[in-house]
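A short write-up of the structure that comes next.
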Amino acid sequence: MASMELKPVKEGKVREVYDAGDCMVIAATDRISAFDHILKNEITKKGRILTQMSKFWFDFTKDIVPNHMLSVDTVDMPEFFRQDRFDGNSMKCKKLAMLPIECIVRGYITGSGWESYQNNGTVCGIRLPEGLKESEKLQEPIYTPTTKAELGLHDEHITYEESVETLEKLYPGKGAGYAAKIKDCTLALYNKCAEYALGKGIIIADTKFEFGLDEAGNIVLGDEMLTPDSSRFWPLKGYEAGKAQPSFDKQFVRDWLKANPDSDYLLPDEIVQKTVAKYEEAFEMLTGRKFS
């Protein structure tokens, strides 16, 4: 039969989600967003790098918690996806009922957490020891969940207790169990992957995970995993607490936009190339193989 034209059922700043009947297909585009704007340039290869990186981590952590990945080969997907624009940047996934919590884990103090700590000694309501320096490693990683906002709105930090209440409203009698499970999984995933990455020369300062439920009500890891879009990766070489760190992500883009407020979100080629190179470098350091 001729391939039907499928439209995304959900379109984020970077990713498109398709309903393919008994499964979902998530395509990571080459779009890039910064300061809540989608930029006019595409970052070549970015979608493929993000998808292959998620695949690497899903394989690496399936002993901790099951995940939604079925395949990254378009041969395994409905015919519509067997076209160049989906090749290498698409993941066929199990359908899940996604939980409305972003599971953020911080192993180092940076970004909004550092700002909050300077103000009142806490990060998302969690009191931390006095005298920490910017980018310092925390004694223990901390779990700081947020609500998932609609596109265009900001996610709100919530306490662990509020995450229990949010889930209890949706799943009466199960909120506490689900909240505990996603917290435990988040910390276990972070600890295993951060230790592995450190051995490859990359510090994972913080990251976020998302979980859903399968038909049987089991917690399953969904969305993307440990990419430079959902995490802060720093080079171990040259790391020193007490200052901001260079990172393997959109930092080039953010810095250039800040320095060029009249750019209308259009980047010069050089910044695009540098950003692609950073994503590739992170991929190759973590997986130990050339990105092809």
Side-chain angles (χ1 to χ4, degrees), residues 1-31 42-99 102-103 182 185-186 188-189 192-193 196-197 200 207-231 276 279-280 282-292:
M1 77 176 213
S3 170
M4 277 167 49
E5 174 72 31
L6 289 176
K7 290 267 182 278
V9 289
K10 187 175 163 218
E11 205 158 351
K13 291 192 198 100
V14 174
R15 287 169 315 142
E16 296 170 346
V17 180
Y18 294 84
D19 186 336
D22 58 350
C23 62
M24 306 297 277
V25 173
I26 300 177
T29 69
D30 289 341
R31 293 195 294 265
E42 299 210 322
I43 305 288
T44 343
K45 297 196 276 197
K46 175 176 171 269
R48 300 214 301 278
I49 295 169
L50 296 184
T51 298
Q52 302 305 322
M53 202 180 271
S54 282
K55 178 191 187 301
F56 170 78
W57 291 117
F58 281 141
D59 286 335
F60 183 70
T61 56
K62 55 181 192 276
D63 60 322
I64 294 177
V65 60
N67 62 66
H68 70 164
M69 178 177 70
L70 296 170
S71 175
V72 293
D73 193 334
T74 51
V75 171
D76 300 326
M77 299 178 199
E79 192 182 335
F80 171 72
F81 297 99
R82 290 172 219 162
Q83 45 181 317
D84 285 351
R85 70 183 171 111
F86 293 110
D87 194 22
N89 67 334
S90 303
M91 186 177 286
K92 179 182 174 182
C93 303
K94 294 174 193 148
K95 282 189 169 174
L96 302 175
M98 296 304 287
L99 300 175
E102 297 216 325
C103 299
I182 62 177
C185 288
T186 294
L189 290 166
K192 177 175 182 172
C193 298
Y196 167 85
K200 301 291 182 186
T207 191
K208 76 171 174 79
F209 301 113
E210 295 192 29
F211 297 90
L213 302 174
D214 65 11
E215 314 81 50
N218 301 309
I219 296 274
V220 178
L221 178 60
D223 203 60
E224 66 184 322
M225 180 176 184
L226 286 166
T227 70
D229 269 19
S230 66
S231 323
V276 173
Y279 277 75
E280 278 196 41
F283 177 87
E284 289 171 5
M285 286 173 75
L286 288 167
T287 64
R289 59 174 199 265
K290 289 292 282 177
F291 181 75
S292 57

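Sequence positions, counted from 1, serve as the residue numbers for this chain.
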Find out whether [X] and [Y] are in side-chain contact, i.e. whether some heavy atom of one side chain is under 4.5 Å from a heavy atom of the other.
{"X": "Cys185", "Y": "Leu221", "result": "no"}
{"X": "Lys10", "Y": "Met24", "result": "no"}
{"X": "Ile219", "Y": "Leu213", "result": "yes"}
{"X": "Leu286", "Y": "Trp57", "result": "yes"}
{"X": "Asp223", "Y": "Arg15", "result": "yes"}

Could you tell me which residues satisfy side-chain hydrogen bond (donor to acceptor under 3.5 Å, both in side chains) with Ser71, sequence neighbours excluded, listed by chain and number?
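Counting only residues at least two positions away or on another chain, Ser71 forms a side-chain hydrogen bond (donor to acceptor under 3.5 Å, both in side chains) with Asp76.
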Mind checking what makes side-chain hydrogen bond (donor to acceptor under 3.5 Å, both in side chains) contact with Thr51, not counting sequence neighbours?
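So Thr51 forms no side-chain hydrogen bond (donor to acceptor under 3.5 Å, both in side chains) with any residue.
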Can you name the one residue among Val220, Leu189, Ile182 that meets side chain to side chain contact (heavy atoms under 4.5 Å, CB included) with Val65?
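With Val65 as partner, Val220, Leu189, Ile182 yield a single side chain to side chain contact (heavy atoms under 4.5 Å, CB included), made by Leu189.
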Mind checking side chain to side chain contact (heavy atoms under 4.5 Å, CB included) for Pro228 and listing every partner two or more places apart, or none if nothing turns up?
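With sequence neighbours excluded, Pro228 shows a side chain to side chain contact (heavy atoms under 4.5 Å, CB included) to Leu50, Met53, Phe233, Asp249, Tyr279, given in chain and number order.
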Using modelled atom types only, decide if a donor and an acceptor are shared between the side chain of Thr227 and the backbone of Ser230 within a distance under 3.5 Å.
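Yes, because the side chain of Thr227 sits within donor-acceptor range (under 3.5 Å) of the backbone of Ser230.
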Which residues pass the ring pair (Phe, Tyr, Trp, His ring centres under 6.0 Å) test with Phe283, not counting sequence neighbours?
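For Phe283, the residues satisfying ring pair (Phe, Tyr, Trp, His ring centres under 6.0 Å) (neighbours in sequence not counted) are Phe291.
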According to ring pair (Phe, Tyr, Trp, His ring centres under 6.0 Å), who are the partners of Phe58, at least two apart in sequence or on a separate chain?
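In terms of ring pair (Phe, Tyr, Trp, His ring centres under 6.0 Å), with neighbours along the sequence ignored, Phe58 is linked to His68.
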What residues, two or more places apart in sequence or in another chain, satisfy salt bridge (Lys or Arg N to Asp or Glu O under 4.0 Å) together with [X]?
{"X": "Asp63", "value": "Lys192"}
{"X": "Glu280", "value": "Lys45"}
{"X": "Arg48", "value": "none"}

Does anything in residues 87-96 form a side-chain hydrogen bond (donor to acceptor under 3.5 Å, both in side chains)? List the pairs, not counting sequence neighbours.
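Of all non-adjacent pairs touching residues 87-96, those that pass side-chain hydrogen bond (donor to acceptor under 3.5 Å, both in side chains) are Asp19-Lys95.
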Just grab all the side-chain hydrogen bond (donor to acceptor under 3.5 Å, both in side chains) pairs involving residues 209-221, residues at least two apart or on different chains.
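Only Lys148-Glu210, Lys208-Glu210, Asp214-Asn218 qualify under side-chain hydrogen bond (donor to acceptor under 3.5 Å, both in side chains).
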Listing request: all salt bridge (charged side-chain N to carboxylate O under 4.0 Å, His left out) pairs with a residue in residues 49-59, at least two apart in sequence or in separate chains.
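Those involving residues 49-59 are Lys55-Asp59.
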Would you call the rings of Phe81 and Phe86 parallel, tilted or perpendicular, where under 30° means parallel and over 60° means perpendicular?
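Taking Phe86 first and then Phe81, their aromatic rings stand perpendicular (interplane angle over 60°).
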List the atom of Asp229, the atom of Lys46, and the distance in Å for their closest heavy-atom pair.
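Scanning both residues completely, I find the closest heavy atoms to be OD2-NZ, 3.0 Å.
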